[in-house]
Amino acid sequence: MADETPHPFLHGLSKHRGSPPTVVVIFGASGDLTARKLIPAIYNLAHDGLLPTDFYLIGFGRKPIPDAEFQQIAAGAIKEFSRREPTADVWGRLAPRTLYVSGGYDEKAAFDRLGDRIAGLEKEIGQQLQSLFYISTPPTVFAPIIRNLGASGLAARHLGQRHQSKVIIEKPFGRDLASAQTLNRELTAVFEESQVFRIDHYLGKETVQDLLVQRFANSIFEPIWNRNFIDHVQITVAEQVGVEARAGYYEQSGCLRDMIQNHTMQLLALTAMEPPVSMDAESVRDEKVKVLKAIQPLRLDGPDPDAARAQYGEGLIGGKPVKGYLEEKDVAPASATETYAALRLRINNWRWQGVPFYLRSGKHLARRVSEIAVRFKRPPGSLFAESERFQLAPNTLAFQIQPDEGLSLVLNAKIPGLETRTQPVKMNFKYATTFGSNTPEAYERLVLDAMIGDGTLFIRGDETERSWQLITPIHEKWAAQGRTGMDTYASGSWGPKTAVDLLSVNGHNWREP
Ligand code: BG6
């Protein structure tokens, strides 16, 4: 276990990384994400001594709430959702710096009041504060918030040369290519690209960051990371939860927009991109955009389309019977929203020509598991051909993103004994065993990176547009089809038959992670 002694965050910056004096303003302060992830993330940064000496958190929302009440709400959120219990010491110092401003998102005067509040804090401490605006509201108010940050002068605040105001924007970043482009235009009318941090929390997961380290800090992978050795790649983001209380959002979104366009495409980009010239934000993102550009448009017509969709039916989750999607609260009885989506992608470049990339994600699946599985070609069968004696599996390198974070490699080994028999074996590296548990949550890393101004783990404007360019024709097609062609799968299973067919035409099958 890591050292749990709280660091006195008021007495200095991290030993390694430092942010200037900062005020974080959360728009959507009473939202679910704020309570579950954002406030706990800030608390844990405080606990680890990673916040600057002069740090403030301001919640902004429509509902008028006094500071003291917001502090209680924040304390409750930390108690319920933080990976650590709040301590009197750390929370005692953070609480008086946790404030609240109320107002409408389209009300310019409210943003002026916010500006006055920040100016008041600066006067009190005799220093300027960097502002980090976190937009965590429903997407309908993204544009008014951005415009008012511009109109009130808050977006253009400078702190010295380097530390301008910054904005983190939550998903969904648009619902198709056109709306993503409009949102990018809104943002860049007010902010420079370097001030904008489009968040995808998967990029903050430890194991996702480790993917880059594994690929580029080891010499054994790069020579075989191509079409000569790799047969295909499977990216799975499986959830066991259903739609829960989020049908209002999910009915407008569906799996393709909710998970595939962002999380799985990001995993693909990191797996397939070329080595960047350096690990800085622009170099890494240049390579991600390049590989996304090399993905071929999907074939959606004909008997064997590159995309499959389905809804969960009844079934068993954790041994308990559960309802099908259409019976869930707030779901339209004839809803055409997919709860599962799978894609078959082709990357047309020197490295990946002919290597299929399969992506899948869904709710109410057998297990919660996210992984990237790289399946290698089989060796020539001249010495060991598959038989009863020689049980052989293709070598598979799997990055387990969650849970049970780790890296595993399937190899074929000799079973000890007087005759030669073989059996696949698994080499397993587990984070928890080597590094202990209680690793930082994705939002901790990402909020800190944005405070510091490091955009490496955030999505650039051109990147999100390229991803939407690939995804938009799929949902247009599905929207036109309505429920025609919608497959179903039993809750608690590994998904629909159409997703199996997506691979079987190439002689492949989904691995059970
Ligand atoms: C979110 C989706 O982006 O990711 C949710 O909106 C999904 O529907 C969640 O449940 C999954 O995130 P994680 O970190 O639990 O895998």
Side-chain angles (χ1 to χ4, degrees), residues 207 210-211 214-215 218-238 267-268 271-272 304 308 342-347 350-360 365-367 369-434 492-513:
T207 32
D210 188 42
L211 178 59
Q214 294 290 347
R215 272 196 68 190
N218 294 302
S219 60
I220 57 166
F221 297 128
E222 196 48 29
I224 55 171
W225 212 250
N226 56 50
R227 68 194 152 89
N228 298 326
F229 294 91
I230 293 177
D231 186 63
H232 70 274
V233 177
Q234 299 185 13
I235 299 179
T236 300
V237 178
L267 298 181
L268 176 147
T271 309
D304 174 33
L343 307 183
R344 182 175 56 209
L345 300 175
R346 282 169 291 273
I347 302 178
W350 191 271
R351 186 186 289 268
W352 295 117
Q353 181 85 57
V355 180
F357 278 69
Y358 303 113
L359 270 46
R360 65 174 161 169
L365 293 176
R367 255 178 2 97
V369 57
S370 298
E371 68 157 35
I372 301 164
V374 179
R375 187 158 287 184
F376 290 88
K377 292 188 171 168
R378 286 178 185 268
S382 53
L383 300 178
F384 300 102
E386 180 93 44
S387 65
E388 214 209 307
R389 255 178 80 197
F390 299 139
Q391 312 258 323
L392 299 163
N395 298 135
T396 303
L397 180 68
F399 297 88
Q400 267 103 35
I401 290 159
Q402 63 186 24
D404 221 7
E405 290 79 357
L407 185 64
S408 69
L409 177 63
V410 174
L411 299 164
N412 296 305
K414 178 180 176 297
I415 304 171
L418 298 183
E419 65 167 350
T420 302
R421 300 173 73 86
T422 70
Q423 178 189 304
V425 294
K426 207 186 206 182
M427 272 169 58
N428 244 339
F429 154 67
K430 297 277 175 214
Y431 279 66
T433 315
T434 305
S493 71
W494 273 113
K497 161 133 187 352
T498 41
V500 175
D501 299 343
L502 209 59
L503 274 64
S504 59
V505 289
N506 289 339
H508 297 145
N509 53 306
W510 290 108
R511 132 190 170 100
E512 245 183 57

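In what follows, residues are counted from 1 in the order of the sequence shown.
- One N or O on the side chain of Trp352 and one on the backbone of Ala272 form a donor-acceptor pair closer than 3.5 Å.
- The CZ atom of Arg378 sits 9.0 Å away from atom CG of Asn395, with the distance rounded to the nearest 0.5 Å.
- Put simply, OG1 on Thr236 and CG on Leu365 are 9.5 Å apart, with the number rounded to the nearest 0.5 Å.
- With contacts defined as side-chain heavy-atom distances shorter than 4.5 Å, the pair Leu407/Leu397 qualifies.
- Using a distance-only test at 3.5 Å, with no hydrogens or angles considered, no donor-acceptor pair links the side chain of Trp510 to the main chain of Gly495.
- Inter-residue side-chain proximity for Phe399 and Thr271 is flagged as unmet; no heavy-atom pair is nearer than 4.5 Å.
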Could you walk me through whether Asp501 and Asp304 satisfy the side-chain contact (heavy atoms from CB on, under 4.5 Å) test, starting with their C-alpha distance in whole Å, then the side-chain angles of each, then the deciding distance to 0.1 Å, before giving a yes or no?
CA-CA 8 Å; Asp501 299 343; Asp304 174 33; 5.9 Å; no
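- The distance from atom OG1 of Thr422 to atom CG of Leu392, rounded to the nearest 0.5 Å, is 4.0 Å.
- Between Pro223 and Asn226, the shortest heavy-atom contact is O-ND2, 3.2 Å.
- For the atom pair CZ of Arg351 and CG of Asn228, the computed distance is 10.5 Å after rounding to the nearest 0.5 Å.
- With contacts defined as side-chain heavy-atom distances shorter than 4.5 Å, the pair Thr207/Gln400 does not qualify.
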What verdict does the side-chain contact (heavy atoms from CB on, under 4.5 Å) test give for Asn412 and Phe384, after you've listed the backbone C-alpha separation in whole Å, the side-chain angles of each residue and the deciding distance to 0.1 Å?
CA-CA 10 Å; Asn412 296 305; Phe384 300 102; over 6 Å; no
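- For the pair Asn506 and Arg344, the minimum side-chain heavy-atom distance is below 4.5 Å.
- You'll find the side chain of Val500 stays beyond 4.5 Å of the side chain of Trp494, heavy atoms only.
- Asn509 and Gln234 get closest at one heavy-atom pair: O-NE2, 2.9 Å.
- Across all their heavy atoms, Asp231 and Pro356 have their closest contact at O-CD, 3.4 Å.
- The salt bridge (charged side-chain N to carboxylate O under 4.0 Å, His left out) search around Arg421 returns Glu419, not counting sequence neighbours.
- Rounded to the nearest 0.5 Å, atoms OH (Tyr358) and CG (Leu268) are 13.0 Å apart.
- With hydrogens and angles disregarded, a donor-acceptor distance shorter than 3.5 Å links the side chain of Arg367 to the backbone of Pro513.
- In terms of heavy atoms, Ala238 sits closest to Ser370 at N-OG, 4.4 Å.
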Run the side-chain contact (heavy atoms from CB on, under 4.5 Å) check on Ile230 and Ile224 step by step: do they pass?
CA-CA 7 Å; Ile230 293 177; Ile224 55 171; 6.0 Å; no
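- The two residues Leu267 and Leu211 have their closest heavy-atom pair at O-CD2, 4.4 Å.
- Contact detail for Arg375 and Thr396: the closest heavy-atom pair is NE-OG1, 3.4 Å.
- Within the 4.5 Å cutoff, no side-chain heavy atoms of Phe229 are placed close to those of Val374.
- The side-chain tip of Arg227 points at the ring of Trp350 from less than 6.0 angstrom away and within 45° of straight on.
- Note that CG of Leu503 and NE2 of His232 are 6.0 Å apart. Values are rounded to the nearest 0.5 Å.
- Thr420 has its side chain within reach of Lys414: a pair of non-hydrogen atoms, C-beta onward, lies under 4.5 Å apart.
- Under the 4.5 Å side-chain criterion, counting only non-hydrogen atoms from C-beta, Asp404 is not in contact with Glu371.
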